[in-house]
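Computed from heavy atoms alone, side chains included, the values below leave out hydrogens, waters and symmetry copies. Throughout, numbering of the chain's residues begins at 1 and tracks the sequence.
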Amino acid sequence: MQASVVTLKTLCLCSRVILVPILMVKASRKPKATQALPLEKWVFYRFGLIAARVGNFAAPMYAERHQLSTPAWRCLAVIARYENLSAKELATKTSSDAFKVARAIDLLVKRQLITRNPDPLDRRRASLQLTTEGWAVYRDVERFAIRIEEHLVAKLPADELAAMESALEKIDAQVEDLLMLDWRALV
C-alpha cells in the first residue's frame with residue numbers, strides 16, 4: 001500500500017505527547033476500521049522508543065554507582081551544561097514538570113552534588129551549580145554516555161551521521177515552532 005505524509009497530529013503515548021505522521025492511503029483502498037497504521041513507520045514514536053530503551057539501559061549505571069534517579073541524573077546533566085540555571089529554567093530544559101525537578105534539586109542539594117544560591121539581583125530566584133563532587137559524578141556518567149553513543153553510531157558512515165545530525169537540528173527547530181501553536185491547529 002503506497003502512502004505519503006500529509007499532516008501531523010498529536011498522540012499521547014506513555015504520558016508523553018509524540019508527533020505522529022498521518023498517512024494518506026490511496027483512495028481506492030480504504031483502511032478497515034480495525035486496521036491501524038504501522039507504529040514502526042512513525043518516526044517520532046521510534047524516537048520515543050529508542051530514547052526509552054537507551055535510558056532503561058543507562059539508568060542502572062547511575063542508580064547503582066551514584067544512587068541517582070533518572071530525573072536527578074537528567075537535572076545534573078543539564079545543570080552541568082547550562083550552569084547558573086533557575087529551577088524554572090531547569091524544568092524547561094529537561095522538559096520535566098516542576099514537581100519532579102524540585103524533588104531532583106532537593107536530592108542533589110542534599111547529596112551535595114549541586115549548590116542552590118540565591119540570586120543577588122532577584123531573591124526569589126536561586127542559581128543552581130555543580131559542586132566538585134557533582135562534577136565528578138557527572139564526568140563518570142558522561143564517559144559512560146559517550147561510550148553508549150559511540151556504540152550506537154558505530155555502523156553509521158560519516159556522511160550518514162552528518163545527515164542525521166542535520167535532520168535532528170531541523171526537526172528540533174520545527175518542534176520549537178510547533179510549541180508556539182495550539183494543538184487544536186493541527187487537528
Side-chain angles (χ1 to χ4, degrees), residues 11-20 39-40 42-119 125-156 158 160-162 164-173 175-176 178-179:
L11 175 69
C12 289
L13 295 172
C14 304
S15 76
R16 290 202 181 266
V17 175
I18 299 174
L19 298 178
V20 178
L39 287 175
E40 66 276 6
W42 294 349
V43 174
F44 296 101
Y45 175 78
R46 291 181 71 190
F47 281 170
L49 284 181
I50 291 168
R53 288 165 49 204
V54 172
N56 290 340
F57 175 81
M61 182 276 194
Y62 48 80
E64 288 178 27
R65 289 173 65 116
H66 302 291
Q67 296 72 49
L68 292 177
S69 64
T70 298
W73 159 247
R74 189 173 294 133
C75 287
L76 189 73
V78 171
I79 294 167
R81 173 65 178 90
Y82 303 99
E83 273 208 341
N84 297 316
L85 289 174
S86 68
K88 184 177 180 179
E89 292 166 329
L90 182 59
T92 299
K93 291 197 179 295
T94 59
S95 295
S96 297
D97 64 71
F99 179 73
K100 280 185 184 178
V101 169
R103 284 184 50 192
I105 289 170
D106 289 343
L107 171 72
L108 296 171
V109 168
K110 183 179 178 185
R111 296 268 319 280
Q112 298 181 348
L113 299 177
I114 65 169
T115 59
R116 179 174 31 199
N117 300 312
D119 186 327
R125 183 182 186 278
S127 177
L128 305 170
Q129 299 167 324
L130 268 63
T131 62
T132 302
E133 179 64 22
W135 276 109
V137 169
Y138 171 76
R139 292 290 182 217
D140 185 48
V141 181
E142 178 187 55
R143 282 188 297 275
F144 177 64
I146 289 169
R147 287 188 196 109
I148 291 171
E149 184 163 318
E150 287 171 346
H151 177 81
L152 294 174
V153 301
K155 294 188 178 183
L156 293 178
E160 287 183 13
L161 185 56
M164 181 184 71
E165 289 171 352
S166 176
L168 288 173
E169 288 293 325
K170 290 174 184 174
I171 290 169
D172 197 28
V175 169
E176 290 301 316
L178 183 70
L179 295 176

Requested in this report: Identify, with sequence neighbours excluded, every residue that meets side-chain hydrogen bond (donor to acceptor under 3.5 Å, both in side chains) alongside T70.
Outcome: Y62
Query raised in the report: Between the side chain of R111 and the main-chain N/O of L68, is any donor-acceptor distance below 3.5 Å?
Result: no
Query raised in the report: Is there a donor-acceptor contact under 3.5 Å from the side chain of Q67 to the main chain of E64?
Result: yes
Let me confirm one number: the [atom1]-[atom2] distance from [X] to [Y], rounded to the nearest 0.5 Å.
| X | Y | atom1 | atom2 | answer |
| --- | --- | --- | --- | --- |
| I114 | C75 | CD1 | SG | 8.0 Å |
| T115 | L108 | OG1 | CG | 11.0 Å |
| L161 | L156 | CG | CG | 6.0 Å |
| W42 | L49 | CH2 | CG | 11.5 Å |
| D97 | R103 | CG | CZ | 10.0 Å |
| L113 | I79 | CG | CD1 | 9.5 Å |

[X] and [Y]: which non-hydrogen atoms are nearest, and at how many Å?
| X | Y | value |
| --- | --- | --- |
| N56 | P60 | O-CD, 3.2 Å |
| A58 | I148 | CB-CD1, 4.0 Å |
| S96 | V101 | CB-CG2, 3.7 Å |
| L39 | R46 | O-CG, 4.3 Å |

Residues in side chain to side chain contact (heavy atoms under 4.5 Å, CB included) with [X], at least two apart?
| X | answer |
| --- | --- |
| Y82 | V78, L85, K93 |
| A80 | L130, W135, Y138 |
| D106 | R116 |

Is the [atom1] atom of [X] crowded by more than 12 outside heavy atoms at less than 6.0 Å?
| X | atom1 | result |
| --- | --- | --- |
| E40 | CD | yes |
| R125 | CZ | yes |
| E160 | CD | yes |

Query - D119 and S127 side chains, donor-acceptor separation under 3.5 Å - result: no
Requested in this report: Provide the full list of salt bridge (charged side-chain N to carboxylate O under 4.0 Å, His left out) pairs with a residue in residues 127-148, sequence neighbours left out, each pair given once.
Outcome: R65-D140, R139-E142, D140-R143
Query raised in the report: ring pair (Phe, Tyr, Trp, His ring centres under 6.0 Å) with F144: which residues, sequence neighbours excluded?
Result: none
